[in-house]
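What follows is a single structure, written as structure tokens, with notes after it.
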Amino acid sequence: MDAVAVIDFETTGLSPLRGDRPTEIAAVLVADGRIVDRYQSLMNAGLPVPPFIERLTGISTAMLRHAPPVEHVMAEVADFVGTVPLVAHNAVFDSRFWDAELSRLGRQRGQSFVCTMLVARRVLPRAPSYKLGALVASLGLPAAEPAHRALADAEMASRLMLRLERELMERFQCVSVTHALLARIQRMPKSQLHAHLVGQGPEVSGLRGSS
DNA sequence: TGCCAGGCCCTCTTTAGGGCCTT
């Protein structure tokens with residue numbers, strides 16, 4: 001697969017529309033089946049960290065006091081990933097924060113997101129859970145520590161993405177796995193993906209039946 | 001004080017409701 005950037009936000013809450021802001025971001029560049037570069041930074045948006053979030057992530061208001069401003073970090077990480085396609089676990093969450101923070105900078109995202117959770121739901125339909133940590137554990141992938149910190153979660157999501165890529169190539173006999181193919185799979189009805197497994201259904205670029 | 005987002009996906013569905021997943 002061509003290079004992609006797997007990103008993960010820690011934030012003060014669930015919704016930028018309700019005033020929540022990022023507290024930390026990590027971006028992991030993946031190329032040729034391995035991590036080739038990393039970016040990680042705490043960031044200070046001038047908001048206190050709610051107690052629940054501090055317990056979850058270990059990121060406290062005091063830790064953010066001397067962190068660089070959110071505007072500086074977001075500009076830096078946006079330059080770090082450039083135009084490389086983006087990946088995240090439950091990407092609808094990260095894409096909302098990414099777009100909201102770039103908008104504050106007068107910038108706009110030019111690349112698409114792939115969601116490892118949506119792809120996993122299709123490629124691994126019998127997984128007991130689609131939480132990032134649970135998927136990594138059930139697949140026997142090495143966990144990154146500490147969980148619920150941006151870099152560890154981004155690295156685990158990148159390992160999950162590479163495992164999904166392997167599943168598509170080996171079990172689904174996928175000729176080549178591209179970001180564009182993952183973007184199509186994550187929108188594909190589960191029944192359609194299964195149809196390809198038994199050599200039926202319409203043509204999908206990059207996939208061939210395994211009858 | 002009580003409540004709070006939103007897209008996806010399943011089902012006892014589709015004129016809906018509720019769980020999952022992210023922090």
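We name chains A, B, ... by the order of the sequence lines, and we start the count at 1 in each one.
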Between the side chain of [X] and the main-chain N/O of [Y], is any donor-acceptor distance below 3.5 Å?
| X | Y | result |
| --- | --- | --- |
| A:His148 | A:Arg55 | no |
| A:Arg163 | A:Leu139 | yes |
| A:Gln186 | A:Val114 | no |
| A:Thr23 | A:Glu10 | yes |
| A:Arg38 | A:Leu151 | no |
| A:Arg159 | A:Pro142 | yes |

Same-atom distance ([atom1]) from [N] to [M], integer angstrom:
| N | M | atom1 | value |
| --- | --- | --- | --- |
| B:dC4 | B:dG17 | P | 15 Å |
| B:dG18 | B:dT14 | P | 13 Å |
| B:dC8 | B:dT13 | C1' | 15 Å |
| B:dG19 | B:dC12 | C1' | 15 Å |
| B:dG7 | B:dT23 | C1' | 16 Å |

Over all strands shown, is [X] touching base, sugar-phosphate only, or nothing at heavy-atom distances under 4.0 angstrom?
| X | answer |
| --- | --- |
| A:Asp94 | nothing |
| A:Thr23 | nothing |
| A:Phe97 | nothing |

Strand contacts (DNA chain B) in residues 130-148 of chain A, 4.0 angstrom heavy-atom criterion: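 Here the set is A:Tyr130, A:Lys131, A:Leu132, A:His148.
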
What parts of residues 55-62 of chain A reach DNA chain B, counting only heavy atoms under 4.0 Å away?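 Within this stretch, A:Leu56, A:Thr57 sit under 4.0 Å of the strand.
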
For A:Pro48, what residues pass the side chain to side chain contact (heavy atoms under 4.5 Å, CB included) criterion, not counting sequence neighbours?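 Here the qualifying residues are A:Thr61.
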
Just jot down the side-chain hydrogen bond (donor to acceptor under 3.5 Å, both in side chains) partners of A:Glu24, sequence neighbours excluded, or say none.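 By the side-chain hydrogen bond (donor to acceptor under 3.5 Å, both in side chains) rule, A:Glu24 matches A:Gln40, A:Arg149.
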
Listed by chain and number, what are the side-chain hydrogen bond (donor to acceptor under 3.5 Å, both in side chains) partners of A:Tyr39, not counting sequence neighbours?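 Partners of A:Tyr39 by the side-chain hydrogen bond (donor to acceptor under 3.5 Å, both in side chains) criterion, ordered by chain and then number, come out as A:Glu76.
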
Rounded to whole angstrom units, what separation is found between the [atom1] atom of [X] and the [atom2] atom of [N]?
| X | N | atom1 | atom2 | answer |
| --- | --- | --- | --- | --- |
| A:Ile25 | B:dT22 | CD1 | C1' | 14 Å |
| A:Leu118 | B:dC10 | CG | C1' | 14 Å |
| A:Leu160 | B:dT22 | CG | C1' | 14 Å |

Measure the acute angle between the ring planes of A:Phe113 and A:Trp98, then classify it against the limits of 30° and 60° as parallel, tilted or perpendicular.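 The arrangement is perpendicular - the two ring planes meet at more than 60°.
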
Is any side-chain N of the basic residue among A:Asp20 and A:Arg96 closer than 4.0 Å to the acidic one's carboxylate O?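 So A:Asp20 does not pair with A:Arg96 through a salt bridge.
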
Heteroatom pairs (N/O) under 3.5 angstrom, protein to nucleotides 3-7 of chain B:
from: B:dC4; atom 1: O2; to: A:Arg18; atom 2: NH2; distance (Å): 2.1
from: B:dG6; atom 1: O4'; to: A:Arg96; atom 2: NH1; distance (Å): 3.4

Got a second to check how far A:Ser129's OG is from A:Met117's CE, nearest 0.5 Å?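 Output value for this atom pair is 10.0 Å.
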
Which residue lies toward the 5' end of DNA chain B, A:Gln186 or A:Thr11, if each is placed at its nearest nucleotide?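 The residue whose closest nucleotide sits nearer the 5' end is A:Gln186.
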
